[in-house]
Amino acid sequence: MKKILLIFTTLISITTYAQNNLNYKLIAKYNYQKQIDSTDEKSKINLENYSLYLNEDNSLFVSDNRIRLDTILNNANFSDLDKLRSLPKPSSNKRIFKSTSSKKITIYDEFYDNIYMYNDTVNMKWKITNIYDTLNNMKVRRAETKFRGRNYIAWYTSEIPISDGPYKFRGLPGLIIKIYDSKKEINYSLIGLEKYKKSKSLNNNYDNEALSVSKSEYTKIKKNFKQNPIPYMESQGAVFSEETKRIIREKFRKRNEKTNNPIELKENDE
Amino acid sequence: MKQILLMFSVCIFSINSFCQTNIIGNLKTKKNKPISGASVTITVVKTNDILNYAISDNKGYFSISVNSKVEQLQLNIRSMGFKSIVKIIDNKTQTSNFVLEEQITELKEIVIKNSPITRKGDTINYSVNVFTKQEDRTIADVLKNMPGIEVLDDGKILYQGKPINKYYIEGLDLLEGKYNLANSNLPHKEVVKVQVLENHQPIRLLDSLVYSDQAAINIKLKNSYTFTGQAEVGAGLSPLLWDTNVTPMLFSKKRQMLTSYQTNNTGNNVVKQLKTLTIDELLEQFERNDEKQDWLGIQQLAVPNFSEQRWLDNNIHLITTNYLQKLKNDYELRLNVSYLNDCQQQNGFTDTQFFTANDTIALFENKYNQLNTNTLETNLTLQKNTYKNFLKNSLQFQGFWDSQRGNIQLNTNTINQNLSNRYFKLSNNLKTLFPLGKQIVTLNSYIGFNKTPQSLVVNPGQFNDLLNDTNDYDQVRQNIELQTFYTNNSVAFTKGWKQFSFSPKLGIQFEKQNLKSAILTSENTTNNFKNNLDWTRSKLYFNLQTQYKKDKWRIELTTPVNLHNYQLEDKLLQKGQNLNCVTFEPRLSLNYDLTSFWRIGSSANLSNQFGTINQVHYNYILQNYRSLQRIDAPLPEMQNIGYSASLGYRNPIKSLFFSLIYSNTKTYNNLLYNNQILDNGATELQAIVQDNNRFSHNIMTRASKYFSDFDTNLTLSANYSLQDFQQILNSETTDISNHNWRFSGKIDTDITDWLNTELESVFQFSNNETQGQNNQKITQQFHKFNINIYPKENQYLGLKTEYIKNNLFAENTENLFADLVYRYTWKKKNIDFELQWSNILNTNNYRTVNINNFSYIETNFNLRPTQILFNVRFPL
């Protein structure tokens, strides 16, 4: 029992962040739909909502479940242990931090007790068309781009003159309202826009806890974890029985087989 | 291809560059602050046709190139919080700076639409037929298709990635944690709707007070009655083997039933399935100390220290049934009954040598043991769970009609042992929650009675000197009966304040026991060597648990204060003892994170332990045919002082892990035990009042590294432990120290994604030092090599090999095992076929050695021979 508690408290200590805040006045909420198995059209599922927190200089794109977890973790005391354990798990732990002043995007990802931080340089070239439509009562315009192995169709509005969007997408003369790839396997659509008169703040600084790595190092670590979770976890000090290992291995095999459709099919820009 | 494309685009670019104009500029506020993130678009005049655009940088600069032959261009500037600018400019390279006027950009707020799944409050309804695929059979299959719901291979259901906290069928919780039995067997055709109850708090009283983020699942049935189930049949050689499992079930809105019958003789100990205890339950059980206890025994064979399936010779039948009935006024009644019948056999021999001060006594025993288990367990639970109160009362009965027979060939003599080790327990556990001010108080009350009417009969009679005036005799019989009453009652709550959390708990324990025992011989049928001991124990306790957590610190302090009272009296022998004392048993633990890679921790604790009734009895008890025991001594009292320190390093970037843990414990005892070894090998245990200490040190280290280039994980570990203590051997106080070393290494490689190998080696060395003299070292080696192959998704092939080598003094023993498993799943019908070939090399004998301070015991255990088993699992 004590051991379990200890393990659990260690987990919390790692995921508690320093109090550096991101101020924002606007949140764009996106619904994320993904076909997790590229060979099975029925595997198209609605994942939880994602939010894009915006201020003049920066933006942060993150899953709502992740934020809910963080909010509790930041104010955690021991009586919250059960609550923590029972929170829904985010479909992605990634926090995507964009700054208007830089082409670099900083990505924080968390898996099995560690937070990794790396920079990604994205060069997105948009082709703006003369096709218009109306979405959420806004006049939207169609733009197209290629990004790491997929062709995307984006609908943006110049009514909201913010050059940002979900995930790593940005660079249009207005906010992206909807973006999907040509096979409709990835689909983000705006479902809400919340604005605040006074700016609100969100804990953002992972830097104290995060391990800074290069993008290629990150890719390698993540690949190791996904393909060989047992050695990864064992090399972090976990101990499993033979039977547990067999179960974990089969579970990951099945999961990998079904979740075979990442957003980025290629590592780098073309 | 890329190159050609590149060249091509360069050409186009260069041609067009003849008529390219560059428009650069700067955006500022009236206060001269740069405006970043503004969109600057160049369009064809009075249209929306974008020629090019740019986003201003953090200094407010933008730069746009235009390839167009038109004479004029329209420049549009838009930015959040500023008035938009539209300006017609000439199509020529130029610098245009702008000062933007601040203006609140009115955005239309968009209120989040309902998600595609309709909901009613916290309840989400999934209609089953929408999510059913053709090949789906059970409700578990359909659950897998429902968005947000995940079913793991072990049957656990996740909603939004988190395990559900309850699985109801028509609002009733029949199986608690064992819901997979129903989920994986209930055909989806019987189900009309699956409901997800979000934020489900199983205890309704806490509903508005303690927030729950866990969901529960409720299965709505189509018909008022549903009958279904699953079955598994297996058969094999040799001798004739069987392994069968039939599980029918019945569900309705007011009444539910699930029954399972399992039988096998393949060494599969299915008893384990009945035990799904939570950690809290285990802790409670430990405190109660009222699990079945055997006072008497036959001479056992030491069982091998590897998988039970290799040596367990069983014949087991298990019937379990679970029944739930809904009553009036929100009460639910649940009855769980299980009956177990098992007959196990053990065959082998032991070679025992006792070292006495001046002699070595040798015993060679050939053993054939039969162990019969006959157990009935019932649990009747009444529960009321409403928004106003919570009450759960469980009435439990356990009955063990166990018996054992042992046949020993000792040198040339035959010794028969007949044991009846029965045990009966009746207990009641009440848990209720009620509000008191702002707190919800938890009240627990446990009351239990139990008795152990046990007897051991040995032919011929033993201990002639003591029991029959040195003459040989035919038979000796030991009778014993212990009766126990135990109750434990407590009140508790938890309060949080800033970084602290406090959990006080107040309670009282009370125990009353009576031990009666007597020895009868064939020559003398009046009861001799009687014990009639009354034992009363009470404990009043108050425990405050305080936790503190901030930044990199985690501190936990528990400060229990206990008031103990012990009263022992044997009226017949006119002996007894009273003990009153107060103990304070604090425990402090500290943890600190040095960096993100390094962390340290330490703990210190003080604790007290007192003996139990089987450690004090004033007259002799024949525990087994060659052990006669009397403990005419004060109650054992022990005080432990323990320290530990740990250091950990964890670098996930390099996939490197290292840990070092040191702990030491010092125990003060008030008693020393004297093992008197008689010439025939019989032992007599007596306790002597003499303060003594026991020290133990333990140091453990482990390192592991993952080599991603070879998909290989390497783990190394080492362990050293030292124990120093005193013991009386044939009336002499002896200093003893035990040293143990353990080294292990493991290599795990994924050669391809369908082939995985595991190699593990363990070396163990133990050394015993008596009175400064070294005894011989024992070395044991375990090596394992496993291959796992997944040729296709629905197939699995596993080959396991195991090699065990023991260096026992001058002798060596070697054992090699190999097993093969093949599994095929017929997905369409959801039928599993499995072929197991165990112990391929037919290794039929295993030899182990046990050494303690006064004996050397070598055991030969007969193992299960090679066997082939074919298994089919299918739905009813």
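Just so it is clear: chains get the letters A, B, ... in the order the sequence lines come, proteins before strands, and each one is counted from 1.
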Inset, instruction - Side chain from CB out, backbone as N, CA, C, O: work out which of these in A:Leu26 comes under 4.5 Å of a heavy atom of chain B, or both, or neither. - result: side chain
Inset, instruction - Tell me, yes or no, whether the heavy-atom count around A:Lys223 atom NZ, taken from other residues, nucleotides or ligands under 6.0 Å, exceeds 12. - result: no
Legend entry - Interchain contact, B:Asp748 with chain A, by part (heavy-atom threshold 4.5 Å): side chain
Legend entry - Region of B:Lys784 in contact with chain A, defined by heavy-atom distances below 4.5 Å: side chain
Legend entry - Face-on cation placement of A:Lys139 at A:Tyr132 ring, 6.0 Å and 45° thresholds: yes
Inset, instruction - Report the option among B:Asn48, B:Thr41, B:Val40 that has the most heavy-atom pairs separated by less than 4.5 Å from atoms of chain A. - result: B:Asn48
Legend entry - Spacing of A:Asn55 atom CG and A:Asn58 atom CG [to the nearest 0.5 Å]: 5.0 Å
Legend entry - Proximal component of A:Lys220, with respect to chain B [non-hydrogen, under 4.5 Å]: side chain
Inset, instruction - Pick whichever of B:Ile55, B:Asn788, B:Ile35 has the most heavy-atom pairs under 4.5 Å with chain A. - result: B:Ile55
Inset, instruction - Evaluate the salt bridge (Lys or Arg N to Asp or Glu O under 4.0 Å) criterion for residues B:Glu556 and B:Arg587: first the C-alpha distance (whole Å), next the side-chain angles of each, then the deciding distance (0.1 Å), finally the verdict. - result: CA-CA 8 Å; B:Glu556 191 184 320; B:Arg587 185 190 146 83; 5.8 Å; no
Inset, instruction - Give a yes or no on whether the ring-centroid distance for A:Tyr118 and A:Tyr218 is below 6.0 angstrom. - result: yes
Inset, instruction - Side chain from CB out, backbone as N, CA, C, O: work out which of these in B:Ile50 comes under 4.5 Å of a heavy atom of chain A, or both, or neither. - result: both
Legend entry - A:Thr129, part contacting chain B, at a heavy-atom distance under 4.5 Å: neither
Legend entry - Residue among B:Thr712, B:Asn58, B:Asp57 with most heavy-atom pairs under 4.5 Å to chain A: B:Asn58
Inset, instruction - Below 4.5 Å from any heavy atom of chain B, which atoms of A:Lys127 appear? Answer side chain, backbone, both or neither. - result: neither
Inset, instruction - Rounded to the nearest 0.5 Å, what's the gap from OG1 on B:Thr47 to CG on A:Asn130? Could you check? - result: 7.5 Å
Inset, instruction - Using non-hydrogen atoms and a 4.5 Å limit, figure out which bit of B:Asn786 sits close to chain A: side chain, backbone, both or neither. - result: side chain
Inset, instruction - State, with a plain yes or no, whether a side-chain heavy atom of A:Asp164 is found less than 4.5 Å away from one of A:Lys98. - result: yes
Inset, instruction - Select one option (side chain, backbone, both, neither) describing which atoms of B:Tyr790 are under 4.5 Å from chain A's heavy atoms. - result: both
Inset, instruction - Evaluate the ring planes of B:Trp553 and B:Tyr592, with Trp represented by its six-membered ring, and classify them as parallel (under 30°), tilted (30 to 60°) or perpendicular (over 60°). - result: tilted
